[in-house]
Number of protein chains: 2
Amino acid sequence: MNITIESTKDLLRSRKLKATPTRLEILSALQKRNSAVTFSEIQNICNDTDRVTLYRTIQSFVDKGLIHKAYQSEDEVHYALCSHNCSSEAHFHNHLHFKCTRCKKVTCEYLEEEVKIILPKFQIEKVDITISGICKNCN
Amino acid sequence: MNITIESTKDLLRSRKLKATPTRLEILSALQKRNSAVTFSEIQNICNDTDRVTLYRTIQSFVDKGLIHKAYQSEDEVHYALCSHNCSSEAHFHNHLHFKCTRCKKVTCEYLEEEVKIILPKFQIEKVDITISGICKNCN
DNA sequence: CACTTAAATGCAACGAAGTTGCATTTAAGT
DNA sequence: ACTTAAATGCAACTTCGTTGCATTTAAGTG
Ligand SMILES: [Mn+2]
Ligand SMILES: [Mn+2]
Ligand SMILES: [Zn+2]
Ligand SMILES: [Zn+2]
């Protein structure tokens with residue numbers, strides 16, 4: 001499916017969000033790349049948008065199931081696009097996050113077979129896996 | 001091996017850290033419990049120590065391989081004791097971190113068999129696993 | 001047990017990051 | 001075009017962590 005400005009507007013509207021210029025910029029930017037964005041990158045993309053608006057935009061995107069926190073480095077949070085199974089009701093992710101030490105990009109990666117983790121006497125609800133190393137492109 | 005005030009003092013000194021009252025309090029508290037501590041818990045333990053000192057103490061403990069960041073919640077970082085393989089040279093951890101949704105405790109947990117993660121074309125350097133659920137005690 | 005000294009502490013000031021209240025603007029339905 | 005709730009921008013504020021510097025203290029030395 002092709003991604004157009006109109007389809008991005010529709011996506012926003014389908015989540016009860018007004019299709020404003022700033023939101024379109026951020027969402028389109030994320031759709032065009034294959035990696036997560038940090039807040040400062042978003043600030044660069046939206047040069048003349050107030051930072052308060054950017055904070056609120058990110059929050060609304062997370063609330064509506066459009067993006068999710070992919071990685072938290074020392075100082076910065078990286079946000080990645082959600083797939084279609086996320087909504088304003090809940091997020092559903094069954095993937096891990098990869099941080100490339102060379103290109104610094106953070107990506108969502110899907111495993112061919114699910115990892116089996118056994119912790120006797122524990123009840124496992126959510127497993128969060130973050131890997132660092134050299135990504136496919138840099139390798 | 002029994003943990004005494006003297007053995008804790010020796011541990012600090014062996015890492016080239018002066019055995020001050022605040023440091024002893026924090027380190028002993030961590031040795032007595034089996035779960036990680038947050039900064040605010042440390043503040044409660046050391047009521048009348050300046051917060052700047054606490055920040056610097058945590059930093060020096062991490063630098064010297066005495067504690068490590070075990071879990072980062074929305075707003076708080078949880079620190080756990082390191083095992084003997086960590087030093088001022090480097091940290092070596094091959095365990096995961098568990099956050100109990102019931103008692104809220106964060107613990108370091110060791111797996112019986114290492115998880116095998118396959119990401120074709122990637123070079124994996126470090127795998128970080130965080131699990132939430134119900135811990136052994138609460139279950 | 002003094003004496004010395006580098007390390008550790010406390011205090012004040014600062015800076016960055018995120019939040020809140022409120023007035024103004026704007027997207028989108030009628 | 002008109003209406004209205006949502007979104008934005010601005011200012012003020014809080015919170016968290018850091019830095020510089022003067023003072024105190026742990027621990028080694030004779
Ligand atoms: Mn992801
Ligand atoms: Mn741990
Ligand atoms: Zn890379
Ligand atoms: Zn528990």
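Both backbone and side-chain heavy atoms feed into the values below; hydrogens, waters and symmetry mates do not. Below, chain A is the first sequence line, B the second, and so on; all start at residue 1. What you see is a predicted model, and the numbers here were worked out from it, not measured in a lab.
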Inset, instruction - Please determine if a side-chain N or O atom of A/Thr20 lies less than 4.0 Å away from the OP1 or OP2 oxygen of D/dT8. - result: yes
Inset, instruction - Can you figure out which of D/dT8, D/dC16, D/dG9 approaches the side chain of A/Thr57 most closely? - result: D/dT8
Inset, instruction - State which of C/dT19, D/dA27, C/dC11 makes the closest approach to the side chain of A/Arg51. - result: C/dT19
Legend entry - Protein-nucleotide distance (B/Leu17, atom CG; C/dA7, atom C1'), rounded to Å: 10 Å
Inset, instruction - Could you name each residue pair satisfying side-chain hydrogen bond (donor to acceptor under 3.5 Å, both in side chains) that touches residues 111-136 of chain A, not counting sequence neighbours? - result: A/Gln123-B/Asn139
Inset, instruction - State which residues pass ring pair (Phe, Tyr, Trp, His ring centres under 6.0 Å) with A/Tyr79; sequence neighbours excluded, sorted by chain then number. - result: none
Legend entry - Approximate separation, where rounding is to 0.5 Å, of A/Ile58 CD1 and A/Lys69 NZ: 10.5 Å
Legend entry - Whole-Å distance separating the CD atom of B/Gln72 from the P atom of D/dG17: 9 Å
Legend entry - Carboxylate-amine/guanidinium proximity below 4.0 Å for A/Glu41 and A/Arg33: yes
Inset, instruction - Could you tell me the separation between the CG atom of B/Leu66 and the OG atom of B/Ser60, rounded to the nearest 0.5 Å? - result: 8.0 Å
Legend entry - Dot-bracket line, read 5' to 3' along DNA chain C, where crossing pairs take [ ] and | marks a partner on another strand, Watson-Crick or G-U under 3.5 Å: ||||||||||||||||||||||||||||||
Legend entry - 5' priority, DNA chain D, between B/Pro21 and A/Lys16 [closest heavy atom]: A/Lys16
Legend entry - Phosphate-side-chain proximity, B/Arg23 and C/dA8, N/O vs OP1/OP2 below 4.0 Å: yes
Legend entry - Nearest-angstrom distance from the residue atom CG of B/Asp75 to P of D/dT14: 19 Å
Inset, instruction - Just compare C/dA7, C/dA27, D/dT8 and give me whichever is closest to any side-chain atom of A/Thr53. - result: D/dT8
Legend entry - 5'-most by nearest nucleotide on DNA chain D - A/Val52 or B/Arg56: A/Val52
Inset, instruction - Answer yes if the ring centres of B/Tyr71 and B/Phe98 are under 6.0 angstrom apart, and no otherwise. - result: no
Inset, instruction - Check whether the ring centres of A/His97 and A/His68 lie less than 6.0 Å apart, and answer yes or no. - result: yes
Legend entry - Nearest-nucleotide pick for B/Tyr55, side chain only, options being D/dG9, D/dC16, D/dA7: D/dC16
Legend entry - Length of the NZ-P vector between A/Lys64 and D/dA6, whole Å: 10 Å
Inset, instruction - Check every strand shown and say whether A/Thr49 touches a base, only sugar-phosphate, or nothing at a heavy-atom separation below 4.0 Å. - result: sugar-phosphate
Legend entry - Length of the line joining A/Glu6:CD and C/dA28:P, which is rounded to integer Å: 10 Å
Legend entry - Interatomic distance where CD1 belongs to B/Ile42 and P belongs to D/dG17 [whole Å]: 11 Å
Inset, instruction - From the options C/dC11, C/dT26, C/dT19, select the nucleotide whose nearest atom is closest to the side chain of A/Lys18. - result: C/dT26
